[in-house]
Amino acid sequence: MKIQTYSILAGSEACNARCPFCISKMTPPNGVTLKEPTINLRNFRKGASFASKCGATTAMITSKGEATLFSGQISKFMEVLQEYDFPFIELQTNGLNLEQKREEFDPFLADWYEKGMTTIAISIVHYDAEKNRQIYTPHKKEYMNLPGLINYLHNKGFSVRLACIGVSGFIDSGSELEKLVGFAKEHKVEQLTYRPVHTPEKSENTEVYNWTKENHLTTEQLEDILNYVGKNGVELLSFGHGGKVYDIDGQNLCITNSLTKPSGEEIRQLIFFPDGHLRYDWQYKGAILL
Ligand code: SF4
């Protein structure tokens with residue numbers, strides 16, 4: 001059995017953004033609520049040990065909502081993860097808190113860096129602030145200063161990944177992806193991923209399910225994107241789950257999908273839930289180890 005990533009669910013479903021495609025609304029709660037949960041640290045260690053024994057090189061702190069709303073909990077996870085020496089430790093975030101509450105996060109970021117965090121992955125839908133506002137903060141007049149956040153995190157020593165979700169009307173063509181690649185290169189973003197928004201086979205939330213069905217990429221849009229990457233990218237790596245990494249004029253770009261289904265003897269993600277459950281698929285309750 002091989003495991004790629006140990007995914008750790010921090011916090012709760014609470015989030016400071018309002019994405020209409022929010023995947024956490026589409027997957028079953030599995031014991032995750034809006035309140036800060038108590039972590040089952042015993043099983044957290046079991047998961048870390050299993051993932052590490054099965055060759056996982058990455059531990060990723062993520063959330064059903066926004067992980068940085070529970071920064072103390074992230075520190076606790078980082079403390080325990082030190083025992084397992086994962087080469088890469090990543091934090092997935094929408095970035096809003098980190099950019100807008102710098103004084104509060106300065107000590108946390110220094111602590112997480114000290115304990116081995118390597119990468120901060122910021123989810124986006126565009127290089128343009130207004131386009132990101134429409135998705136992440138439609139209830140506010142402004143989004144955040146994304147270039148400022150990238151610079152801030154670089155100054156703190158972190159690698160930055162921009163994780164772009166492909167939505168029709170946003171980054172939905174080869175030419176738009178080319179501009180996003182240009183933006184990433186300009187701001188020295190180490191890694192860029194592009195993942196088309198995905199409508200799962202079943203959903204817990206009809207509104208979100210319908211939105212993703214109406215706004216996912218068409219076959220033509222996806223072909224145009226893949227054509228651009230095929231013409232301009234040099235393929236560097238290919239993953240079992242279908243993701244591929246390219247170099248485009250010096251910029252790293254990974255094209256991937258959201259699926260976690262295991263293929264053969266490989267589990268893409270071992271997922272730790274705060275109540276102690278260990279699962280290997282976000283969607284299917286049957287995919288459970290503990
Ligand atoms: S940032 Fe993530 S958790 Fe928050 S609303 Fe958007 S998709 Fe959902």
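Along the sequence shown, the residues carry numbers beginning at 1. Order of listing sets the numbers, starting from 1, for every ligand and every atom in it. Atom set for the values below is all heavy atoms of this structure, side chains included, hydrogens, waters and symmetry mates excluded.
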Next on the checklist: Test your reading of the model: is there a side-chain donor-acceptor pair from Asp281 to the backbone of Ala287, 3.5 Å cut-off?
Outcome noted: no
Checklist entry - Any chance the rings of His187 and Phe183 have centres within less than 6.0 Å? => result yes
Checklist entry - By number and element, which atoms of ligand 1 are closer than 4.0 Å to a non-hydrogen atom of Cys15? => result 1 (S), 3 (S), 4 (Fe), 5 (S)
Checklist entry - side chain to side chain donor-acceptor pair (under 3.5 Å) between Glu66 and Thr93: does it pass, once the steps are laid out? => result CA-CA 6 Å; Glu66 169 53 33; Thr93 173; 2.7 Å; yes
Item to check | For Gly65, the ligand 1 atoms whose distance to one of its heavy atoms is below 4.0 Å | outcome: 3 (S)
Next on the checklist: Suppose we only count N/O/S atoms under 2.8 Å; would Cys19 qualify as near atom 6 (Fe) of ligand 1?
Outcome noted: yes
Checklist entry - What are the atoms of ligand 1, with element, lying closer than 4.0 Å to any heavy atom of Asn94? => result 1 (S)
Checklist entry - Between Tyr209 and Phe21, is the ring centre distance below 6.0 Å? => result no
Checklist entry - Are any N, O or S atoms from Cys22 nearer to atom 8 (Fe) of ligand 1 than 2.8 Å? => result yes
Next on the checklist: Please check this pair: side chain of Lys131 against backbone of Gly169, looking for a donor-acceptor N/O pair closer than 3.5 Å.
Outcome noted: yes
